[in-house]
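Per chain, numbering begins at 1; letters A, B, ... match sequence-line order.
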There are 2 protein chains.
Amino acid sequence: MPDHIRPPGQRVTIYDVALEADVSPSTVSRAFSRPSRVNSETAERIRQVAERLGYRTNPLARALTTSRTQMIALVIADITNPVYAEIVRGAQDAATDGEYTTVLIDAQESDRLERAAVERTMSTVDGIVLASSRMSDSAIRMVAKQRPVVVLNRALADVPCVVTDDPRGVRRAAEHLGELGHDHITYVAGPQASWPNGIRWRSLLEAGMELEIKVRQIGPFSPTMAGGERAAQELSARPATAVLAFNDQMAIGIIRGLSRMGVNVPGDVSVVGFDNILAADIVTPGLTTVAAPLYAEGSAATRHLLTMIDGSPGHTGRPMVLPVRLVVRDSTAARNPDPGRARPAWVRQRPVPGPAAHRP
Amino acid sequence: MPDHIRPPGQRVTIYDVALEADVSPSTVSRAFSRPSRVNSETAERIRQVAERLGYRTNPLARALTTSRTQMIALVIADITNPVYAEIVRGAQDAATDGEYTTVLIDAQESDRLERAAVERTMSTVDGIVLASSRMSDSAIRMVAKQRPVVVLNRALADVPCVVTDDPRGVRRAAEHLGELGHDHITYVAGPQASWPNGIRWRSLLEAGMELEIKVRQIGPFSPTMAGGERAAQELSARPATAVLAFNDQMAIGIIRGLSRMGVNVPGDVSVVGFDNILAADIVTPGLTTVAAPLYAEGSAATRHLLTMIDGSPGHTGRPMVLPVRLVVRDSTAARNPDPGRARPAWVRQRPVPGPAAHRP
DNA sequence: GCCGCGGCGGCAACGGGTTGCCATGTATTG
DNA sequence: CAATACATGGCAACCCGTTGCCGCCGCGGC
């Protein structure tokens, strides 16, 4: 009965609908793309025929003339990093609201892969959100010249940006540590290609000046738990009582590394992270961290992108900055007043067997 | 100097190249898509002109005639769930190997959203990997009729599938718990729309029969930490000494919930999860869990999809099944031999203040 | 010298919509 | 009632490659 069962692979086109509805193809086209341009009864009839035949407009064909694919690309540095999950959610929801589809690209922390992927995708999307791009400024500008681009977690002249208020976050963390009696903070650096890494360190320098806290930096390390564990090793060579890590994953790695070496967190060392990922709450001790409004970041960036696509110039003046807050948990505590107790376990470097290894 | 700086928005087409190289557009087209079909010197000249002009072939236009976009869609149930990160990596790497771009779609655990997104994307991709789809069997078959589809983590007649050996994983978990003296296992169920949820429960039923372990089920709960904490509440009403959770996130939630109520894991209750996400290793106690070869899943599924796209029928016979292994950590222990001690803390239900709350 | 064949390039017809412009018919206005 | 405006629909060109088919040319074989 349903005569809309066509040989598979034979897509229904506007021509089929036109024939069936006894109008010209252009009318069918207009019935969908500019309904106001056609008589409402005709439009309705066409819509019914289309429905019956199972017609779907072919986005590729449409894109060919309109050069609008209704897709945007979201490029993230590392899908393995849970920070991006919420950002993606925010972006995706905003895109869906605007009738756009999101193409997610995982750069795997690689400049090269990121460029290649962007290159490949650029011509298929109407705009791009670069979240924590690892590309060079000039590469980004190049891309921005060809398509609307919004950059997330990075400030860059002439390109619309949205960033979080990292300086304030760092400042709050430093104040918090200062109040606990720490007079020295070690920054454990993440990837040098990461823009926030630079700003966090500089902010700490600045905060240190004002608060009269000494600061130093070690690294860079990979922004992962493994990287944090490696940092812990290095920390043991140059002791510290307060550590600010580039991100939560590293902070967690640091906590684990230190614990394994017999160093007590927060008893001997206070650790602060960045991002407030879910795991920050489940690690023991709970991780004190600077929380960013992840979802809002993704959502704000893509909303801005959509307005640009719709022709707005995209205010490239100041970056849009989103507020952060310090989430205090149990990885920070008053500085151990007994220097004799603060170091021994650590100087001895007695490696304690870690938690049960993976046994198959 | 470089005359290839054209007014932005004016893309270079084969016609421009043809004009400049003094050949016909078709020759330019062939120079790229079938180099063997054109004289190698001519081809080289064309390539140089194209390079000079900055020509890039427009994938949309190409797709219009070839109906090949060189894109595949990867649909995942919930990007917030870390399990998918590795799957995505595997899929993406495999796709990149085959010169395909991956479009990631997050279904947000919603049947409706998933269908809508698939519907929207279907016509723009050459094939689809459905990882842990929440759609109905019939909806999936519908999609499979229009595009090559590989289903991940779900078995479905007439559609190529790749699954993990959950029955064996559950069996191993049950054996492990049995050896520790547990004679009763409670399964904490996840989403009913999740296929693995069903199979895990049935496998546990079966394993219980053979191993003479009693089993029961509670739930369903949302497959998140929050869901696990809710499950912990319910568990307190109907005590258990051994729990198998639908996934790691729930298991972690259960551990936290129980701890908060003063129940000791693994002293009073043993908890086993599923998936071996990173957090399983950082929670205290470390979570015993059934590990799946996430990366391999994504990679195998996509590779299979690519062969289907290249015309192979896609063996729809038996699903491809990937091996799992039990990772034993510290959340499982011998059953508490003292029933008097096994329940009191729990019957009393003294809610213990949880870890420090988020203080801004 | 004639024929056949292979290499190479061009023509033109797509693929599936979109849109500027024109033709027709009807409603509005003076 | 003529003149003008507007609503509606059709024609045809266009977007940018791809590809079937044909023609031209040079070469080797008989």
Side-chain angles (χ1 to χ4, degrees), chain A residues 6-47 49-50 53-71 120 122-126 146, chain B residues 6-47 49-50 53-71 120 122-126 146:
Chain A
R6 344 191 87 244
Q10 278 292 21
R11 280 183 60 88
V12 184
T13 73
I14 49 168
Y15 299 93
D16 301 316
V17 177
L19 228 53
E20 189 79 8
D22 201 30
V23 291
S24 84
S26 22
T27 306
V28 176
S29 171
R30 282 195 274 255
F32 289 104
S33 51
R34 302 188 149 44
S36 67
R37 187 66 181 62
V38 30
N39 183 303
S40 57
E41 285 173 31
T42 318
E44 181 52 30
R45 184 160 48 90
I46 291 176
R47 246 174 274 128
V49 172
L53 262 44
Y55 167 75
R56 330 240 56 175
T57 126
N58 179 334
L60 277 73
R62 181 203 294 259
L64 196 52
T65 47
T66 60
S67 57
R68 285 291 187 81
T69 58
Q70 297 293 111
M71 297 198 290
R120 225 178 324 130
M122 203 164 29
S123 57
T124 348
V125 298
D126 297 341
Q146 315 192 37
Chain B
R6 344 190 86 246
Q10 277 292 22
R11 280 183 61 88
V12 184
T13 73
I14 49 168
Y15 297 92
D16 300 316
V17 177
L19 228 53
E20 188 79 8
D22 202 30
V23 291
S24 85
S26 20
T27 307
V28 176
S29 171
R30 282 195 274 255
F32 288 105
S33 53
R34 295 185 153 49
S36 68
R37 186 66 180 62
V38 31
N39 182 301
S40 58
E41 286 173 32
T42 319
E44 181 52 30
R45 184 161 47 91
I46 290 175
R47 246 174 274 127
V49 172
L53 262 45
Y55 168 75
R56 329 239 57 175
T57 127
N58 178 335
L60 278 72
R62 181 204 293 262
L64 195 52
T65 49
T66 61
S67 56
R68 285 291 186 81
T69 58
Q70 297 293 112
M71 298 198 291
R120 227 180 321 132
M122 202 161 33
S123 57
T124 5
V125 298
D126 298 340
Q146 314 192 38

Given side chains that start at C-beta, do those of [X] and [Y] come closer than 4.5 Å, heavy atoms only?
X	Y	answer
Arg62(A)	Ser33(A)	yes
Asn58(B)	Thr13(B)	no
Arg56(A)	Arg11(A)	yes

What is the distance, to the nearest angstrom, from the [atom1] atom on [X] to the [atom2] atom on [N]?
X	N	atom1	atom2	answer
Arg56(B)	dC16(D)	CZ	P	16 Å
Asn58(A)	dC14(C)	CG	P	18 Å
Leu64(A)	dT18(D)	CG	C1'	12 Å
Ile14(A)	dG15(C)	CD1	P	12 Å
Arg34(A)	dC21(C)	CZ	C1'	14 Å
Leu60(A)	dC16(D)	CG	P	14 Å
Arg62(A)	dC14(D)	CZ	C1'	17 Å
Gln70(B)	dT18(D)	CD	P	11 Å

Between the protein and nucleotides 24-28 of chain C, which nitrogen or oxygen pairs are less than 3.5 angstrom apart?
none

Going from [atom1] on [X] to [atom2] on [Y], what distance comes out if it is rounded to the nearest 0.5 angstrom?
X	Y	atom1	atom2	result
Ile46(A)	Arg30(A)	CD1	CZ	10.0 Å
Thr27(A)	Arg45(A)	OG1	CZ	9.5 Å
Leu60(A)	Thr65(B)	CG	OG1	10.5 Å
Arg47(A)	Ser40(A)	CZ	OG	8.5 Å
Arg37(B)	Ser26(B)	CZ	OG	9.5 Å

Pairwise N/O distances under 3.5 Å, protein to nucleotides 5-9 of chain C:
unit_1 : atom_1 : unit_2   : atom_2 : d
dG9(C) : OP1    : Thr42(B) : OG1    : 2.6
dG9(C) : OP2    : Asn39(B) : N      : 2.9
dG9(C) : N7     : Arg37(B) : NH1    : 3.2
dG9(C) : O6     : Arg37(B) : NH2    : 2.5

Can you see if the side chain of Ser26(B) gets near the phosphate of dG10(C) - specifically, an N or O under 4.0 Å from OP1 or OP2?
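Answer no for this pair, as no side-chain N or O of Ser26(B) is under 4.0 Å from OP1 or OP2.
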Within the pair Tyr55(A) and dG17(C), is there a side-chain N or O less than 4.0 Å away from OP1 or OP2?
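Answer is yes, contact under 4.0 Å.
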Contact class for Phe32(A) (heavy atom, under 4.0 Å): base, sugar-phosphate, or nothing?
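Touches nothing.
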For the side chain of Ser29(A), counting heavy atoms from C-beta on, which of dG16(C), dG17(C), dT18(D) is nearest?
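Among the listed nucleotides, the one closest to the side chain of Ser29(A) is dG17(C).
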Expected output: side-chain Thr69(A) to main-chain Ala63(A) donor-acceptor under 3.5 Å
no
